[in-house]
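Have a look at the structure below, then the notes.
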Amino acid sequence: MEDLYFDADPEQREKQFGAFQSSHDEWQEYKRILQLHEMDCVPLTDDDEQQLLGEEYHKKDDGTKLSLERLVNSLFRPGMKFIGTICIPSLGDTAHDENSFASINMNDDAALPVAQPVDNAVAAGEDVIAATISDGRQEVSDGTNSSSNASGIERYELVILENDTDEFGNDYIMGAHTAYHDTQCVYITFNIRDVEEQTSEQVLDIEYEDEETCIKGVWNSSSCCFEGCVRQRLQANDGAFHTSDEVTHVFTLHPCTNECPNGRGVKNNVSFQSSFQDDLLSSKSRAVVELRNRSNSKGYESIENYNDLFKPDGLKIKLEDFQAIKSKRGLLATDSLPVRSIWKLRETNWEDLSNCCSMISEKTCARFRYRTSLLDRASFESKENKIVFFENWKKVGFCLAKANAEWDNCNNSAAHVYWFAVVLSRNAQIATATLSSMMYKSRRLYQNYDTLDKSWRRANARKPKDFLTQFEVSSDEVSRQFTCSICFEGVEGDEGLTVALHRLPCSHCFHGACLQEWFHNSHATCPTCRSPVADEIDRHA
């Protein structure tokens, strides 16, 4: 404990504390305004709206109908929040297949949406979920103080954090979804597709994956919400993840707007004063979204400024400095810099700081999963193409060394925040919760980094497509009784067309596409006899 940190220049330390305190105070003010708006349904003032929107304050909507493209721009803006419900299919009266969720007409505002799972639970005689929101959690009016719902329907949230471009120039959307008291960051993809080839009708699909599940949803224009299902991600023997066919949960997500801060699916004891389109595109709704976005950004800035306090030139804190704080009621002019610094840190909102540090860890985990998915999908036409691919990854900082550095930074930030929260927090429950959260986030970081490491190794061992061309044979060289042992189809394939065939050095034949997929998963043996094909390929090359 003694000599925990190095000596620091007093002026520099005061400047760093000032930066931390300023960002932290501004963060708390943003959170206070958000809490008033979302929990008590208090609208933003005109001054708040003008300050948050800036140049966008006077921007007016053109009044045209809300197309899917305009809907995407509004729904996936950083700071947008969705609130809904999630449940096990057998416990809720909700469709179990995303194909059954259809978007009928984007311009239909006639029917105001309701929380379907909640209303269905009421109709079935289940307990009612109250619309009361307390401390960011949905309470249950079943006569008890339990935070779980007897009907099996739980609160589900999704917040858009980033809408940007990655190092390769690809657009991405990052969000944080919360269910069953667990928050994870995810990369969200969307797709606008035609319902039928013969019509101009379109629907909006979304999809995202966390560490354990794959979530798919469809925009329901009549209810103005996303509806979809959840499936488990299963890890195969080769280390790659695959999505199961079984639906484990179904969900709904309603966008939160100015008139409906808790989502249109939740009854807020206020009548809807405008259509969904007007409410979503209003300057008030834009201001709330911007407020939430700034609150998130200020939280991350506060963590960065906090970490600046503990660089190599950080404080020199001794055990007696901590002991001196216990009996103090205020600061004196004669107090040393460490004592004054600890006193300031003691007044910090450690619960918020700990939660923000956890969110940074979750964002890092999401980045690891994103890179893992890119590696698992990567295929190479030639050896030269493969070399260029990995050189580009290293150039943009997607290599394992950079990921390891990100992992270390997260662990260091967590150590700073969690350790001081345990030592300085006046609330024993917060201290215990932060320590538990530190261990849980550390384990999740390790698991996602380990998955990325295995994916990198699989991609590095993956054979280019041109390695297999030397084994291509014509259909005349293969018996008409041929059956591919991978897909169990004959020479003509599953569509009745003659397909490319390959004969490995062990004399076993396969369809070219089947064999390419086999080697894409980093197998290095014949699918039938498990002879070392990789060695044979290298010798033939």
Side-chain angles (χ1 to χ4, degrees), residues 1 3-36 47-48 51-52 54 78-79 161 290-361 363 408-427 430-431 434 438:
M1 184 76 181
D3 296 342
L4 191 61
Y5 297 101
F6 301 98
D7 287 317
D9 177 65
E11 294 184 1
Q12 180 187 12
R13 187 57 52 201
E14 288 293 335
K15 183 178 180 181
Q16 289 175 330
F17 261 111
F20 166 68
Q21 198 66 45
S22 175
S23 61
H24 194 71
D25 291 345
E26 191 170 358
W27 180 27
Q28 296 302 315
E29 179 62 17
Y30 282 146
K31 290 175 70 67
R32 184 189 67 81
I33 298 175
L34 267 178
Q35 186 176 24
L36 286 175
D47 291 340
D48 288 334
Q51 179 183 1
L52 291 166
L161 300 178
E290 177 64 20
L291 173 62
R292 193 177 293 109
N293 183 39
R294 292 194 185 184
S295 178
N296 292 332
S297 300
K298 278 296 175 184
Y300 304 141
E301 180 183 337
S302 182
I303 289 290
E304 291 177 0
N305 290 331
Y306 179 80
N307 287 331
D308 285 341
L309 299 173
F310 304 101
K311 288 182 176 180
D313 62 344
L315 297 171
K316 181 178 179 180
I317 302 175
K318 298 184 179 181
L319 183 60
E320 53 263 28
D321 294 328
F322 285 104
Q323 293 174 339
I325 292 294
K326 293 183 179 179
S327 57
K328 287 184 76 67
R329 293 187 178 180
L331 288 175
L332 301 176
T334 57
D335 286 332
S336 64
L337 174 63
V339 171
R340 287 186 283 118
S341 301
I342 297 173
W343 182 268
K344 291 180 181 179
L345 289 174
R346 192 184 183 204
E347 302 302 319
T348 300
N349 189 328
W350 290 104
E351 186 174 18
D352 282 350
L353 210 61
S354 171
N355 291 337
C356 186
C357 193
S358 297
M359 184 60 65
I360 292 177
S361 296
K363 291 179 71 173
D408 287 341
N409 289 336
C410 277
N411 283 335
N412 291 336
S413 297
H416 293 158
V417 172
Y418 295 139
W419 191 87
F420 270 88
V422 170
V423 174
L424 298 178
S425 177
R426 301 178 181 181
N427 190 323
I430 293 179
T434 53
M438 173 183 176

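- The salt bridge (charged side-chain N to carboxylate O under 4.0 Å, His left out) search around Glu304 returns none, not counting sequence neighbours.
- Ring geometry for Trp350 against Tyr306 counts as perpendicular: the plane angle is over 60°, on a 0 to 90° scale with 30° as the lower cut.
- Qualifying salt bridge (charged side-chain N to carboxylate O under 4.0 Å, His left out) partners for Glu26, counting only residues two or more places apart in sequence or in other chains: Lys298.
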Q) Yes or no on side-chain contact (heavy atoms from CB on, under 4.5 Å) for Glu29 and Ile33, after CA distance, side-chain angles and deciding distance? A) CA-CA 6 Å; Glu29 179 62 17; Ile33 298 175; 3.9 Å; yes

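- With sequence neighbours excluded, the residues satisfying side chain to side chain contact (heavy atoms under 4.5 Å, CB included) with Ser23 are Glu301, Ser302, Asn305.
- Closest of all the heavy-atom pairs between Leu52 and Glu290 is O-CG, 3.2 Å.
- Every residue two or more places apart in sequence or in another chain that forms a side chain to side chain contact (heavy atoms under 4.5 Å, CB included) with Asn411 is listed here: Trp407, Ser442, Leu445.
- In this view, Asn349 and His24, Gln28, Glu351, Asp352 satisfy the side chain to side chain contact (heavy atoms under 4.5 Å, CB included) rule, not counting sequence neighbours.
- Under the rule for a side-chain hydrogen bond (donor to acceptor under 3.5 Å, both in side chains), Asn409 has no partner lying at least two apart in sequence or in another chain.
- The minimum heavy-atom distance between Cys410 and Ser361, with the atom names listed, is SG-CA, 4.1 Å.
- A search for salt bridge (charged side-chain N to carboxylate O under 4.0 Å, His left out) contacts involving Lys363 returns Glu162, not counting sequence neighbours.
- Shown here are the side chain to side chain contact (heavy atoms under 4.5 Å, CB included) partners of Cys357, two or more places apart in sequence or in another chain: Ile303, Ser413, Ala414, Val417, Tyr418.
- Rounded to the nearest 0.5 angstrom, Ser295 OG and Arg32 CZ are separated by 12.0 Å.
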Q: Check the pair Asn296 / Met359 against side-chain contact (heavy atoms from CB on, under 4.5 Å), numbers first and verdict last.
A: CA-CA 10 Å; Asn296 292 332; Met359 184 60 65; over 6 Å; no

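- Between the CD atom in Gln16 and the CG atom in Asn307 there is a gap of 11.0 Å [rounded to 0.5 Å].
- Nearest heavy-atom pair, Thr348 versus Leu353, reported as atom, atom and distance to 0.1 Å: CG2-CD2, 4.0 Å.
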